[in-house]
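Let me begin by presenting the structure, written as structure tokens, before commenting on it.
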Amino acid sequence: MILIANTNGNPMPTIATWNVNSIKARLPAVLRWLERARPDVALLQEIKTVDDGFPEQEIGDLGYACAVHGQKTYNGVAILSRLGLEDVTRGLPGDDGDDQARYIEAVVGGTLRVASIYLPNGNPADSPKFPYKLAWMERLRAHAAGLARLDEPVVLGGDYNVCPTDGDVYDPAGWRDDALCRPDSRERFRALLHLGYTDAIAVRHPRPGVYTFWDYQGGAWQKDNGLRIDHLLLSPLAADRLEDAGVDRAPRGEPKASDHTPAWVRLREEA
DNA sequence: ATGCCTTGCGGAGCAAGA
């Protein structure tokens, strides 16, 4: 994506989020995407590796600093930035017994705070995984409330594993009882909006069918049987600077694709 | 149809994803 200068001649930062479903399996695709789309900041989820296995060298060669919160086999999140990367914190506060690597936060470009979020899936919805998901969402709400009060703009991007509305699901009736669509999940997603956060894709593209995920099975991509579950939530100070947002469908159509595709937001420079 | 893919792990066939 091309950087567009504002009236002051400053480039506007682009922040993208992508669940890559294994950074090792996806490295060629991620490098191609970084070279083409050139996001200033990339929030990655499901890297499925420990910190030492993250390809920092290859990604660093493209000009990105990396902050990684990895885990063996499952989960794992990272932040890539070519605007500088500081004040990195790993893990979502609120449960010292939670060892799943699903949250990393940092300051980029000196003043913009970002988080890469891999929210628990929660299926099957009658298993302990669902209450874990809901408790995790409550912890996120509590933490996001504090972030919204900072003087810095905040972008909370990632795989939320929530379809906020029926328009975000290709078959709402069939998915009604799924953990991604259950009323409890949607209520807790709306609780984040009630704090003052803006769903950038939803406000920029207020229509059904703006999907970010297509299952590997059943020809879902070819049939456009998708879900919108990857979101970029903007704090009020970030939302004031919203220039554009979108979904980059191209990576989903490439060989050896992730089942998710990147979503992005572009912010105006500070006045 | 708890399958249909894809990945990690480990060296066969699960578990997990959404």
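Interface residues of residues 210-223 of chain A facing DNA chain B, ordered by number: A/Phe213, A/Tyr216, A/Gln217; criterion, heavy-atom separation under 4.0 Å.
Phosphate contact (OP1/OP2 of B/dG17, side-chain N/O of A/Lys129, threshold under 4.0 Å): present. A/Arg26 has no side-chain polar atom (N or O) that falls below the 4.0 Å cut-off from OP1 or OP2 of B/dT6. The side chain of A/His260 places an N or O atom within less than 4.0 Å of a non-bridging phosphate oxygen (OP1 or OP2) of B/dA18.
The nearest whole Å value for the distance from the CD atom in A/Gln100 to the C1' atom in B/dA15 is 14 Å. Rounded to whole Å, atom C1' of B/dC5 lies 12 Å from atom NZ of A/Lys256. When the C1' atom of B/dA16 is taken as reference, atom CG of A/Asp159 falls 13 Å away, rounded to whole Å. Between A/Ile47 atom CD1 and B/dG8 atom P the separation is 12 Å, expressed in whole Å. Per the geometry, OH belonging to A/Tyr118 stands 14 Å off P belonging to B/dT7, to the nearest Å. Atom CG in A/Asn121 sits about 14 Å away from atom C1' in B/dT2, given to the nearest Å. Between A/Asn161 atom CG and B/dG17 atom C1' there is a gap of 9 Å when expressed in whole angstrom units. Rounded to whole angstrom, the span from the CG atom of A/Asn19 across to the C1' atom of B/dA16 amounts to 13 Å.
Side chains of A/Leu62 and A/Glu35 form a contact here, defined as non-hydrogen atoms less than 4.5 Å apart.
Mapped onto DNA chain B by nearest heavy atom, A/Pro120 and A/Ser22 fall at different nucleotides, with A/Ser22 at the one closer to the 5' end.
The side chain to side chain donor-acceptor pair (under 3.5 Å) contacts involving residues 188-203 of chain A comprise A/Asp199-A/Arg228, where partners must be two or more places apart or lie in separate chains.
Comparing the P positions of B/dA18 and B/dA1 gives an interatomic distance of 25 Å, to the nearest angstrom. With C1' as the reference atom, B/dC4 and B/dG10 are 25 Å apart, rounded to whole Å. With C1' as the reference atom, B/dA12 and B/dT7 are 16 Å apart, rounded to whole Å.
Using a 4.0 Å heavy-atom cutoff across all strands shown, A/Lys133 reaches no nucleic acid atom at all. Counting any heavy atom pair closer than 4.0 Å across all strands shown, A/Tyr160 reaches no nucleic acid atom. A/Asn225 comes within 4.0 angstrom of no nucleic acid atom, judged by non-hydrogen atoms across all strands. A/Asp230 comes within contact range of no nucleotide atom at all, as no heavy-atom separation falls under 4.0 Å.
In this structure, the ring of A/Tyr211 has its center no less than 6.0 angstrom from the ring center of A/Tyr170.
With hydrogens and angles ignored, the 3.5 Å screen pairs no side-chain donor or acceptor of A/His69 with any backbone N or O of A/Glu105.
The cationic group of A/Arg182 lies under 6.0 Å from the six-membered ring centre of A/Phe130 and within 45° of the ring axis, placing it in a cation-pi geometry.
A search for salt bridge (Lys or Arg N to Asp or Glu O under 4.0 Å) contacts involving A/Arg139 returns A/Asp98, not counting sequence neighbours.
Between A/Trp214 and A/Trp221, the ring planes are perpendicular. Angles over 60° get that label, and only those under 30° would be called parallel.
A/Asn21 and A/Ser258 are not linked by any side-chain donor-acceptor pair at a separation below 3.5 angstrom, with hydrogens and angles left out of the test.
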